[in-house]
Amino acid sequence: MRALRLMSWKTEPVLTEADVPAPGPGEVLLKIGGAGACHSDLHLMHDFTGDTLGWGPPFTLGHENAGWVHAVGDGVTGLDIGTPVAVYGAWGCGDCSRCRLGVEPYCENPGATPAPGGGGGLGMDGGMAEFMLVRHTRHLIPLPGGLDPVAAAPLTDAGLTPYHAIRRSWPKLAPGSTAVVIGVGGLGHVGVQILKATTAARVIAVDTRKEALDIAEKYGADLMVPSGDGAADQIRTATGGHGADVVLDFVGANPTLALAAAVVRSVGDLTVVGIGGGTLALSFFSVPYEASIQTTYWGSRSELAEVLDLGARGLVKPETQTFGLDEAIGVYRTMHEGALRGRAVIVP
Ligand code: NAD
Ligand code: ZN
Ligand code: ZN
């Protein structure tokens with residue numbers, strides 16, 4: 001089969017031939033229907049090393065996957081061949097207290113998996129190939145309500161990651177509240193939809209690109225603010241001087257973290273999702289009183305089921321463009337130039 005593989009750090013992936021894996025006991029072989037291209041893959045190509053992550057290449061890219069059950073290993077029951085499924089992408093040990101809560105990205109037993117904090121497409125072979133081996137049936141959720149794998153794939157990361165970040169802030173998103181979404185690309189434009197579908201907050205979208213702000217407006221954002229000088233003042237003015245109850249930074253670079261700190265409200269949440277390499281100084285006077293600052297990484301398995309439900313009911317619908325495997329390297333170059341619209345999904 002063909003597979004898009006990252007062979008070493010600080011390189012582009014290569015499209016190469018790979019063996020179709022055979023599912024061992026308890027494992028499932030998927031025929032891939034769609035594999036989303038995430039900006040984190042660009043960090044894998046340009047920014048990260050094994051020192052940061054604790055694992056590394058070679059592996060097949062694609063950590064945002066959905067497809068059909070193609071073959072099952074010994075002992076797998078209850079999954080018929082041809083069943084459409086989404087892949088829960090973070091593969092922890094399955095047994096520690098975090099894994100039992102369903103938040104496998106926070107697995108506390110790193111020795112139990114070849115790629116702690118990762119999974120298929122992040123240290124282990126992922127879905128940018130015709131077939132993908134899934135190590136355990138608990139990583140699979142059958143697609144509800146006729147949801148198509150191409151539509152479902154982005155929900156497993158571009159949907160699940162903002163959903164988790166927003167869900168934990170729900171108590172602060174009452175009617176009358178404001179949420180700011182910084183960076184309305186692949187994750188952020190889905191974040192706008194999730195805010196609209198699950199809260200009554202007013203949504204302010206911030207991006208450097210007009211096209212991204214247009215997509216945010218299409219999905220119901222109430223105010224579009226160009227990133228840069230003047231953005232903080234505009235958001236402060238729009239919130240009666242108070243600032244925003246929840247600020248979600250899907251970029252994580254120095255200027256966006258500074259903006260986030262400048263517009264978060266007292267007792268608000270400032271959540272850093274983007275891995276843009278920035279830092280935020282924390283001191284008694286640098287952020288409003290009782291503002292909570294956190295990073296979030298991906299989400300839980302039960303939250304993925306909730307996101308798929310939103311997708312199946314048409315309440316959350318990532319803006320997707322599809323490409324073949326042979327176009328994937330070009331897709332990442334376009335993403336690097338900041339010229340992608342919504343989420344790109346590779347259809348092998
Ligand atoms: P993307 O390239 O699709 O979107 C990024 C958006 O940010 C683009 O619209 C871009 O124009 C905008 N942007 C860039 N610089 C900006 C600035 N200074 N101000 C405002 N907007 C700006 O990327 P994506 O796939 O949505 O990923 C976003 C980030 O989230 C990446 O760093 C990625 O690695 C990270 N990520 C984190 C998690 C997690 O669990 N924490 C999961 C997936 C992705
Ligand atoms: Zn990702
Ligand atoms: Zn674990």
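Scope of the values below: all heavy atoms of this structure, side chains included, with no hydrogens, waters or symmetry mates. First listed ligand is number 1; within each ligand, the first listed atom is number 1. Counting begins at 1 with the first residue of the sequence.
- Taking the six-membered ring for Trp and thresholds of 30 and 60 degrees, His63 and Trp298 have ring planes more than 60 degrees apart, a perpendicular arrangement.
- Rounded to the nearest 0.5 Å, atoms CG (Leu143) and CG (Asp148) are 8.0 Å apart.
- Taking the six-membered ring where tryptophan is involved, the planes of Trp91 and His139 are essentially parallel, since the angle between them stays under 30° and well short of 60°.
- Protein residues with any heavy atom under 4.0 Å from ligand 1: Cys38, His39, Ser40, His43, Asp157, Thr161, Gly183, Val184, Gly185, Gly186, Leu187, Asp207, Thr208, Arg209, Ala212, Ser227, Phe250, Val251, Thr256, Val273, Gly274, Ile275, Thr296, Tyr297, Trp298, Arg343.
- The distance from the OG1 atom of Thr52 to the CH2 atom of Trp9 is 7.0 Å, given to the nearest 0.5 Å.
- Among protein atoms, those of element N, O or S found less than 2.8 Å away from the Zn ion (ligand 3) are Cys93 SG, Cys96 SG, Cys99 SG, Cys107 SG.
- Salt bridge Asp309/Arg313: present, at least one basic N to carboxylate O contact under 4.0 Å.
- Residue pairs meeting the side-chain hydrogen bond (donor to acceptor under 3.5 Å, both in side chains) criterion with at least one partner in residues 283-293, sequence neighbours excluded, do not occur; the list is empty.
- For Lys317, the NZ atom is loosely surrounded, since the number of other residues' heavy atoms within 6.0 Å does not exceed 12.
- Between Tyr163 and Glu306, the side chains place a donor N or O and an acceptor N or O closer than 3.5 Å (distance only, hydrogens not considered).
- The one candidate from Thr161, Asp269, Leu173 that meets the side chain to side chain contact (heavy atoms under 4.5 Å, CB included) condition with Ile166 is Leu173.
- For NZ of Lys210, the number of neighbouring non-hydrogen atoms (other residues, nucleotides, ligands) closer than 6.0 Å is 12 at most.
- More than 12 heavy atoms of other residues, nucleotides or ligands sit less than 6.0 Å from atom NE2 of His46.
- Ion pairing between Asp222 and Lys196 holds under the 4.0 Å rule for side-chain N and carboxylate O.
- Closer than 2.8 Å to the Zn ion (ligand 2) sit the protein N, O or S atoms Cys38 SG, His63 NE2, Asp157 OD2.
- In summary, the side chains of Gln294 and Thr271 do present a donor paired with an acceptor at a separation below 3.5 Å, with no hydrogens or angles considered.
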